[in-house]
Amino acid sequence: MKEKLINEYVNRMTIADVNNFAIKNGIILKEEEVNLIYNHIKTSWHTIVFGNPRGILDDLKKKLDNTSYQKIETLYVYFKNRYL
């Protein structure tokens, strides 16, 4: 059931949703960075939520500003621990 709800949410998610979430959490992203994160979420949400996202995080680390990446990783760990 949880998996289906997450899938539905991700299917409805927009690039603006990703950008607004980042801004709300003090992360200012360039357009290409928002698109990169959005595409990872859309294509790999199952791995991000239920699997080992190390490869995805490593890819983001190479392509994002270091401060932005650190904030994203911190948020990921926070939400992962909170909801699982």
Side-chain angles (χ1 to χ4, degrees):
M1 179 66 164
K2 179 174 30 174
E3 190 171 337
K4 182 176 169 94
L5 289 172
I6 295 169
N7 184 48
E8 288 298 318
Y9 181 81
V10 170
N11 284 337
R12 291 185 178 131
M13 184 186 304
T14 66
I15 291 174
D17 294 330
V18 173
N19 194 43
N20 291 336
F21 182 82
I23 291 168
K24 178 180 168 189
N25 287 283
I27 304 168
I28 305 302
L29 300 169
K30 298 174 190 160
E31 184 177 347
E32 61 271 6
E33 293 173 326
V34 174
N35 289 329
L36 175 68
I37 294 166
Y38 173 80
N39 288 332
H40 273 301
I41 292 169
K42 288 295 235 183
T43 60
S44 303
W45 70 266
H46 197 273
T47 301
I48 293 167
V49 175
F50 299 110
N52 181 356
R54 181 50 38 207
I56 297 165
L57 291 171
D58 289 345
D59 184 55
L60 290 175
K61 188 173 188 175
K62 291 179 209 168
K63 297 177 180 174
L64 298 176
D65 171 80
N66 189 48
T67 302
S68 296
Y69 173 77
Q70 291 300 322
K71 289 180 181 180
I72 289 168
E73 186 175 43
T74 299
L75 281 171
Y76 172 77
V77 170
Y78 170 77
F79 284 110
K80 183 88 170 177
N81 290 334
R82 183 173 175 192
Y83 291 107
L84 293 181

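- In this structure a side-chain-to-backbone donor-acceptor pair under 3.5 Å is present from Thr43 to Asn39.
- Contact annotation: the side chain of Ile48 never approaches that of Leu57 to less than 4.5 Å [non-hydrogen atoms, C-beta and beyond].
- Once rounded to the nearest 0.5 Å, the distance linking CG of Leu29 with CD1 of Ile37 reads 4.5 Å.
- Cluster annotation: Ile28 is not connected to Tyr69 through the hydrophobic network of ILVMFWY side chains, with a link wherever side-chain heavy atoms come within less than 4.5 Å.
- Residues Asn35 and Ile15 approach most closely at OD1-CD1, 3.2 Å, considering heavy atoms.
- Distance check: Ile56 CD1 to Ile41 CD1 gives 10.0 Å after rounding to the nearest 0.5 Å.
- Leu60 and Ile23 fall into different hydrophobic clusters, where Ile, Leu, Val, Met, Phe, Trp and Tyr side chains are chained together by heavy-atom contacts under 4.5 Å.
- Residue pairs meeting the salt bridge (Lys or Arg N to Asp or Glu O under 4.0 Å) criterion with at least one partner in residues 45-66, sequence neighbours excluded, are Arg54-Asp58, Arg54-Glu73, Asp59-Lys63.
- In this structure a side-chain-to-backbone donor-acceptor pair under 3.5 Å is missing from Lys71 to Asn25.
- Ring pair Phe50/Trp45 is perpendicular by interplanar angle, where above 60° counts as perpendicular and below 30° as parallel.
- When every heavy atom of Ile27 is checked against every heavy atom of Ile72, the shortest pair comes out as CD1-CG1, 3.8 Å.
- Using a 4.5 Å cut-off on side-chain heavy atoms (C-beta onward), Tyr38 and Asp17 make no contact.
- Follow the hydrophobic side-chain contacts under 4.5 Å out from Phe79 and you reach Tyr76 in the same cluster.
- For Glu32, the CD atom sits in a packed shell: over 12 heavy atoms of surrounding residues, nucleotides or ligands are nearer than 6.0 Å.
- At a threshold of 4.5 Å between non-hydrogen side-chain atoms, the residues Tyr9 and Leu5 do not count as touching.
- Formation of a donor-acceptor pair under 3.5 Å by the Asn7 side chain with backbone atoms of Glu3 is not found in this model.
- Considering CD1 of Ile6 and NE2 of His46, their distance stands at 8.5 Å, rounded to 0.5 Å.
- Clustering ILVMFWY residues whenever any of their side-chain heavy atoms sit less than 4.5 angstrom apart, transitively, puts Met13 in the very cluster that holds Phe21.
- Taking CG of Leu75 as the reference point, atom CD of Gln70 lies at 11.5 Å (rounded to 0.5 Å).
- Using a distance-only test at 3.5 Å, with no hydrogens or angles considered, a donor-acceptor pair links the side chain of Asn81 to the main chain of Val77.
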